[in-house]
Protein chains: 2
Amino acid sequence: MAATSRDVAREAGVSQATVSRVLTAGTPVSEKTRARVMDAMARIGYVPNRAARTMKTGRTGTIGVVVADLGNPFYPQLLEALSRSLDASDHRMTVWVSDGGKNQAALDAIREGTVDGVIFTTVTEHSHELARALEQRSPLVLVNRTVEGADCDQVSSANRQGAGLIANYLVAHGRTRIAFIGGTPLASTTAQRLGGFSDRLARLGHPLPDELVAHGAYTHESGCRTAAQLLHLNPGINALVCSNDLLAFAALDTAKAAGIRVPEDLWVIGYDDIQQSSWRSLNLTTVRQDVAQLAAEATRLLLARLDDPDRPAIRVELEPTLVVRASSAFAPA
Amino acid sequence: MAATSRDVAREAGVSQATVSRVLTAGTPVSEKTRARVMDAMARIGYVPNRAARTMKTGRTGTIGVVVADLGNPFYPQLLEALSRSLDASDHRMTVWVSDGGKNQAALDAIREGTVDGVIFTTVTEHSHELARALEQRSPLVLVNRTVEGADCDQVSSANRQGAGLIANYLVAHGRTRIAFIGGTPLASTTAQRLGGFSDRLARLGHPLPDELVAHGAYTHESGCRTAAQLLHLNPGINALVCSNDLLAFAALDTAKAAGIRVPEDLWVIGYDDIQQSSWRSLNLTTVRQDVAQLAAEATRLLLARLDDPDRPAIRVELEPTLVVRASSAFAPA
DNA sequence: CTGAAAGCGCTTACAG
DNA sequence: CTGAAAGCGCTTACAG
C-alpha cells in the first residue's frame, strides 16, 4: 500500500541505500543524486516508515507524558505547553491520564519501545513504580510534583519560596488570622507550599497553628468541604491560603455560600495562576508559575538524558511571583 | 540491553518462534511449553518490542487525537474520556494540541505508521487537510465538531435539538429579548447550535434578529468583548445564549462588570455542561453533553473502521439535556 | 505442537 | 559518492 524506500529507489534509478542516505542528514550524497531522489519521493508521495526506522535506531521520537487530573486546569495548560516544547524538538507526545494507575503503563511503554522517555507531572511521595523505574534507569523527569531525594531530573516552581511570598504579603497587610488548605500531603506541591508558608509565618512572628491547616484532595468538591469546615470552626479567620488555584476557587465559592465577603471579610489566595484566575468572576490573588518554562525545562532535561544517560541528575526550581488581584487587594486598612 | 524473544527462547530451551506463539492468542502451544516459556519471560523480565511487532502486523496500537484548545475545559474533559475509552480497548493515545496547524501532523503520522488512525475533535468547515485525508482514505473520525457531507464517521451532540431546548425554555418563561453569542461560524458547534436555536425561536413566534447574533472566537476574552458590545448596543436584552459554556462564563463576567444582575436582569445560558458550570460562582444553566459517551462512540467507530476500511460511514448524534441552574432559574415571575 | 526461514522497511558499516 | 548486504525483533506461512 504505502510506498517504501525501495519504490523510490526504483523510480529514481538508484539503490535503496542511497534513498535512505538522502533522508539522513550529514551523509554524503551528490547534489545530482539528491535532487533525483527528492523528486522521486515527491512524485510517489513517500513517507519513511517510523517503525522500521525505530528498529534500526532504537529511537521512537515519541515521549510519554503522565497526567493525573485534567479536571485541574493547570494540567491541560501544562500539557499544552509540553506539546509545544516537544513539538519544537520534533517529538510526538503520548499521554496517559492517570487515576493513579497509569505511571506503570508509561514505564512499560519505555520497555516495549513505544516511547523514548517519560515525563511525570503528578508523581507522589513513596511511589513504588518510581523507585523501580529509577533502578532500571528509565529515562524520566519529574515536572511540577517532585520527590525529595529521587535520583532523576526534576523541575518545579520554587514552592517554598513562592509560599513565603504569600506569608510576607499577608503579614505586611495585617491579615494574620490565617488558615491553610492543602491537597494530599503526599504531593510535593502541598508539602512544600505548606512548609514554606508556615516556616515564613513563624519567622515573622505569626506561627500557623495545626488546627488551622486542613488537607483534602485536589478537587473543587473537596476544597468546598474543607473550606466550609475551617470557616465554620474558626469564624475569626481573615485569610485563607490554598495550595493551588483550584482549591482557592472552591474557597471563594464556599465563602460566597456562607455570606462571607471577599476580600472585605476574607482574603483568598491560591497558587499556580491558571488562566481562570484572571477572570472577573474569580479574580484570584495567586502565585504564578510559568508553565511554558516548566515544560521547556522538562523537555530539555529529558532529551539531554536520552543523549547521555549517565549525566548527573539536575534539580531545577523556577522563580515564582505573587500576582495580586481582587480576592485580596482591596481590603480595608 | 533489553531482552528479546531470542533470549527467552534460549532460557526456555525452545525456538524463538515458539516464544512468539506463546504471546499470540489463538496459536496452538502445549501447556507444558507455554508454562516453561512464561516462566523464562518472567525470569528475564521480557517485554516484546513494539516496533518489531508493528513492522510485521502493520498495527501500532496507537491512536492520534487532535485537540485545538485546551483552554476550553471541555477539551481536557473530552481528552480524559478518550484516554479512558482508548485505554479500555488497549490502545495508546498520541495527542496533538493544534493551533490550527496540527491536523496535518496527525495525518502524516498515519502515513508514517506512527498511529493507526486519528480522532479529530476540532475540525472546521472547508478543511483542506480533511478533504485530502478522506481522498487517501485515512482512518479517521470526527468528534464534537463535524463537517456536513464529509464521508467519514462522525459523533456529536444533537446540537440543533439541544439548542432547541434552550429556545423552548426561554420562550416558556417569557424571556424573549434574546441575543446569541457564537464562536467561529466555521465550527459546526456554533453553526448548528445557532441554526437550531434560531429556527426554533422563529417557529415559536420570536424570530432572532441578525443584529442580536454575534460571532467571535471560542475564548474567554473574545466572549467578554462580544458580550460587552451586545449588551451595550442592546440594553433591553434579558437573555444571553452562548454557543458554549466558556463563552457563557465570559458573559457572566461581563454582566457582572456592567452591574447587570444575573438572573434578575439577564439570563445566561451555555452549552456543554463542563465541570466548572456547576460551581457556585458560575452556576450556569446549560445543555449537557455526555463526554464519556462521545468518547466511547468515537473510539468504537474508529476501531471498527480499522477492522473494516470499507464499512459505510456513520453519523452518531447524542441526545442533549437541559440543565437548569442559577444563571436562569430564579427569575422573577 | 514445534522449528527453520522469510520478510516487514529501514540504517549503516563495509567495499569499491 | 554509491551499492550490496547485514540486521534491528518480531510474526507467520511452510514443513514436519
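Every chain is numbered from 1 and lettered A, B, ... according to where its sequence line falls, protein lines coming before strand lines.
Partner assigned to C/dT2 is D/dA15, using Watson-Crick or G-U wobble distances below 3.5 angstrom.
Separating the CZ atom of B/Arg50 from the P atom of D/dC8 is a distance of 21 Å, rounded to the nearest angstrom. Taking atom CD on A/Glu31 and atom C1' on D/dT2, their separation rounds to 15 Å, with Å as the unit. Regarding A/Arg34, its CZ atom lies at a distance of 10 Å from the P atom of D/dC1, rounded to whole Å. Atom-to-atom, CZ of A/Arg53 to C1' of C/dC8 comes out at 16 Å; the value is rounded to the nearest Å. Between the CD1 atom of A/Ile44 and the P atom of C/dG9 there is a distance of 13 Å, given to the nearest Å. The CZ atom of B/Arg6 sits 12 Å away from the P atom of C/dG3 (whole-angstrom rounding). Between the P atom of D/dT11 and the CD atom of A/Glu112 lies a distance of 12 Å, rounded to the nearest Å. For the pair A/Asn49 CG and C/dG9 C1', the interatomic distance rounds to 6 Å; values are reported in whole Å.
The residue among B/Met55 and B/Thr18 whose nearest nucleotide of DNA chain D lies closer to the 5′ end is B/Met55. Summary of the strand contacts: A/Ser15 and B/Tyr46 both lie near DNA chain D, and taking for each the nucleotide with the nearest heavy atom, the more 5' one is attributed to A/Ser15.
Nucleic acid contact for B/Val19: none, since no nucleic acid atom lies under 4.0 Å from a heavy atom of the residue. Among the heavy atoms of the strands lying under 4.0 Å from B/Ser30 are primed sugar atoms or P, OP1, OP2 only; no base atom is included. Within 4.0 Å of A/Thr4, counting heavy atoms only, lie sugar-phosphate atoms of the nucleic acid but no base atom.
Between A/Asp87 and A/Arg84 there is no salt bridge, since none of the side-chain N atoms of the basic residue sits less than 4.0 Å from a carboxylate O of the acidic one. Salt-bridge check for B/Asp310 with B/Arg305: failed, with every basic side-chain N at 4.0 Å or more from each acidic carboxylate O.
For B/Arg21, the side-chain atoms get nearest to D/dA13 when compared with the rest of D/dC10, D/dA13, C/dG9. Comparing D/dT11, D/dA5, D/dC1 by their nearest atom to the side chain of B/Thr57 picks out D/dT11. Side-chain proximity of A/Ala17 to D/dG3, C/dA4, D/dC8: nearest is D/dG3. Distance from the side chain of A/Gln16 is smallest to C/dT11 among C/dT11, C/dG7, D/dT12. Distances were taken from every side-chain heavy atom of B/Thr33 (C-beta onward) to each of C/dT11, C/dC10, C/dT2; the shortest belongs to C/dT2.
With no hydrogens or angles considered, a side-chain donor-acceptor pair links A/Thr189 and A/Tyr218 at under 3.5 Å. B/Asn144 and B/Thr121 share no donor-acceptor pair across their side chains, judged by distance under 3.5 Å alone. For B/Arg300 and B/Ser85, the side-chain atoms include no donor-acceptor pair closer than 3.5 Å.
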